[in-house]
Amino acid sequence: MSNTQLNEPQTQAVRHVSGPLLVFAGAGSGKTRTITYRIAHLLANEKVPPYRILAVTFTNKAAGEMRDRIEQLVGSGLARDLWVGTFHSVSARLLRRYCGEVGLNRNFVIYDESDQKALMSRVLKSKNLSDREYPPKLILSRIHAKKQEGLSPEQVERSRNFDTTLIELYGLYQKALLSSNAVDFEDLILLIMRLSEKPNSVAGEELRSRFGFVLVDEFQDTNSTQYRLVKALSAQTRNLCVVGDDDQSIYRWRGANVGIIRGFRRDFPDACVVKLEQNYRSSANIVQAALSIIESARSREPKRLWTEQALGSPIIVRSVADERDEAAWVVRTVRERLSQQVDPRQIAVFYRVHAQSRVLEEAFRAENLPYQIIGGTRFFDRAEIKDILAYLRLVENPNSEADLVRIINVPARGIGKKTIELIFDEATRMGSSAWHALKSSTESPGLPTAARQKLRQFVNLINEWRAALVAGNTPFQLANRIVDESGYRKYLQDQDSAESDARIGNIEEFLGSIAEYEDDTELTDEKSTLTGYLERISLVAAPDAMKDVPKVALMTVHAAKGLEFDTVLLSGMEDDVFPYKGLDLGESDELDEERRLAYVAVTRAKVHLSIFHASQRTLFGQTRYLRRSMFLDDLPDGIVKHEASHQSLGRFSNDKNIEIESARPLSRDRWLTHEKSAASDALRPGERFVDRSAFDDLAHSEPATTLRRGQSVFHARFGRGIVENIESGAESPMVTATFPGFGRRKILSRYLVNG
DNA sequence: TCTAATTGCATTTTT
DNA sequence: TGCAATTAGA
């Protein structure tokens, strides 16, 4: 393997073999290249067996990219046995192996926020605490903070916002998780960390000696528990390599602690420290802009990004009237870049908060520019998907309380509130799982016969599916049975509304994704198991990232980390928006983090950077006058071109007539996922329009057909109808229309065509 | 049990 | 402003 493609410090990081290594990798400094070359070097030149190397990332995307690129260097044979994954997936994999040590069963399930909330609500009920006084979300966030510090309920000390009740709740919550045979995201790491640190234990020894080399990416984002984990896992050889950039630490609010990367040398005084400071991504002007912003930070590791690239075009700072004016200018700038032959997928629009996206989105739609929104609600967060998933998880692990409480009466099967309460209270009292209490309740004389009957039916239902699972039903077969036999499909069909139609569609899509999983696993190695599938979707966000479609990306700055674009349009650069208000800006740590966020935004741009600030903005229903962001004051005059638009550009059309052309779903994940299914689903005529959104058609896009009252439309099921009313809906405009023979119906406009 | 109405709430969200 | 989540009502 030749290292000629690496610069001096990169080579140093690659060649370093034993002992701790700390790499400060500036934005655009070839970090991924360095990491992958380093691993390739260990494999090929140092002959380290692949299974002895562990590389940890924070996102699945980063893990996937890393594995792919290593594979390109050393071939799939060696790469396959590497341990490459996120903190969570690696921990989950280890925890399946050592679950017995912590009282879990092999088929434990992983609880997401809503599961956690459901469980906490149950805990509160059992303690007769009102969730008004103790909001589950707040309590959980406080508990998670402690878990991220590695503290058990016993270790937590009483403090102002962690009183005795909270400590008790933390303990009860953990107990409830255990009896549910479930873990939350924090547990995955915490439990393995504890095992790895455990002296004189078989598991501990095994874990500490399992890996010869440990590598951590985005090290600035680690929390205390994660740090302790990788320290323990590399304890035997001390070959711990951490790579990160404290200037890009933007997840403090999630427990990330910049102090860890900054203090690494204190913990490992013999660490070799390498700084990658040459930027290969951006023009010199952009690098300068980024530097001038970050250098005002109160505290940071000293380093200086530099580049050999030309100055490039100046940073455009455009002053606009308000958010609509801003959107109009954003769109105009995008058009300009497109006309200069810039690929739309090389253009991105950033904002500080999601709430800013709506106006931008409207402008893109009105102008018929192809765009995609990154982030937002996820497919698997939809209620109907979560319901089916809860059934599946219950089949896998009937002890799961959060799942049981979710679907015991969904669809309604006459199991009333009081019955449910009784069962769960009984479980708490007995210290047993809810499933156990449910089973004994079918015999309980304390319940009316009718109730017992219903409960028994429910138990039988679950048991039948469990038998089917044991008999070898695949996840897909099982899910199909559940959708039908639980009565869920019928329940939705009976509702017969626009929403329920959409839900059925989502479920079909969900079933499709299970089939896809089965095909995937078949192609690779293992057989597809329900455990595997559930773990995968617990730890992988479905539309994990940007689709590689020719569309302009709209996203929060947080979502932009790790990406790069030819052209970046940064919107809402005003004080109180960015840096965000409501932060205690006297707290220099918080302001520093906002500053780093701005640094991340700027360093995403390769060639062209436009920054927008409005003098007036309506956000959360409040209109306010705003000053341009203090961060803009840091930009030196020489690299900036200020543009003020005193007469505003005018507004994009906001006609009450909704254009069918733009009536495609607004919601982010729909947008991301429905292309795939559109072709195969004849029941969705509206989706025919999807093709037209392709960038190729931009130049000659056809005039939009409009939807207005009194107009005739066609629906696949109801046939021809007349539009009576149009309202904006969450997904796409909601149309009320009368269909002869079917009466008045509310339909999402994407299910309609002009007729 | 389902719907409508009301209330309260709103950074960022890798898993 | 826009929504989701709870609550009241039929």
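Below, read A as the first sequence line, B as the second, and so on, with proteins coming before strands; counting in each chain starts at 1.
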Rounded distance in Å - [atom1] ([X]) to [atom2] ([N]):
| X | N | atom1 | atom2 | answer |
| --- | --- | --- | --- | --- |
| A:Leu138 | B:dA10 | CG | P | 11 Å |
| A:Arg382 | C:dA4 | CZ | P | 11 Å |
| A:Ile373 | B:dT13 | CD1 | P | 12 Å |
| A:Asp221 | B:dT13 | CG | P | 13 Å |
| A:Gln495 | B:dT3 | CD | C1' | 11 Å |
| A:Leu619 | C:dG2 | CG | P | 12 Å |
| A:Ile374 | B:dT13 | CD1 | C1' | 15 Å |
| A:Leu563 | B:dT14 | CG | C1' | 12 Å |

Just checking, is any N or O donor in the side chain of A:Tyr173 or A:Asp184 under 3.5 Å from an acceptor N or O on the other one?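 The answer is yes; a qualifying pair exists.
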Do the side-chain N and O atoms of A:Glu396 and A:Thr531 include a donor-acceptor pair separated by under 3.5 angstrom? yes
hbond_proxy A:Arg254 side chain to B:dT12 base (donor-acceptor, 3.5 Å cutoff): no
Carboxylate-amine/guanidinium proximity below 4.0 Å for A:Lys147 and A:Glu186: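 Between A:Glu186 and A:Lys147 there is no salt bridge, as every charged N stays at least 4.0 Å from the carboxylate O atoms.
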Taking A:Asp245 first and then A:Lys31, would you say they form a salt bridge - that is, a charged N and a carboxylate O separated by under 4.0 Å? no
Examine distances only and state if a side-chain atom of A:Gln226 and a backbone atom of A:Ile189 form a donor-acceptor pair shorter than 3.5 Å. no
Which of the following nucleotides, [options], is nearest to the side chain of [X]?
| X | options | value |
| --- | --- | --- |
| A:Val353 | B:dC2, B:dT15, B:dT11 | B:dT11 |
| A:Phe620 | B:dT14, B:dT15, B:dT11 | B:dT11 |
| A:Arg358 | C:dT1, B:dT11, B:dT15 | C:dT1 |
| A:His558 | B:dT13, B:dT15, B:dC2 | B:dT13 |
| A:Thr556 | B:dT1, B:dT14, B:dT12 | B:dT12 |
| A:Arg132 | B:dG8, B:dT14, B:dT13 | B:dG8 |

Tell me, please, whether A:Phe510 has A:Arg382 positioned over its six-membered ring: NZ or CZ under 6.0 Å from the ring centre and within 45 degrees of its axis?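 So A:Arg382 doesn't make the cation-pi contact.
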Quick check: on DNA chain B, is the nucleotide nearest A:Ile415 upstream (toward 5') of the one nearest A:Gly621, or the reverse? Name the residue that is more 5'. A:Ile415
Of A:Gly414 and A:Val557, the one whose closest DNA chain B nucleotide lies more 5':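 First, find each residue's nearest nucleotide; the 5'-ward one identifies A:Gly414.
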Regarding [X], tell me which of base, sugar-phosphate or nothing describes its non-hydrogen contacts under 4.0 Å with the strands shown.
| X | value |
| --- | --- |
| A:Phe87 | nothing |
| A:Glu186 | nothing |
| A:Asn409 | sugar-phosphate |
| A:Gly572 | nothing |
| A:Asp112 | nothing |

OP1 or OP2 of B:dT15 sitting under 4.0 Å from any side-chain N/O of A:Asn60?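 Indeed, a polar side-chain atom of A:Asn60 lies that close.
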Taking only N and O in the side chain of A:His354, is any of them less than 4.0 Å away from OP1 or OP2 of C:dG2?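 Result: no.
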Provide the distance between the two [atom1] atoms, one in [N] and one in [M], to the nearest whole Å.
| N | M | atom1 | result |
| --- | --- | --- | --- |
| C:dT6 | B:dT11 | C1' | 24 Å |
| C:dC3 | B:dT14 | C1' | 25 Å |
| B:dT12 | C:dA5 | C1' | 22 Å |

Is there ring stacking between A:Trp253 and B:dT12, where the centres must be under 5.5 angstrom apart and the planes under 30 degrees?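 Given the distance and angle limits, yes, they stack.
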Starting at CD of A:Glu323, measure out to CZ of A:Arg358 and round the result to the nearest 0.5 Å. 9.0 Å
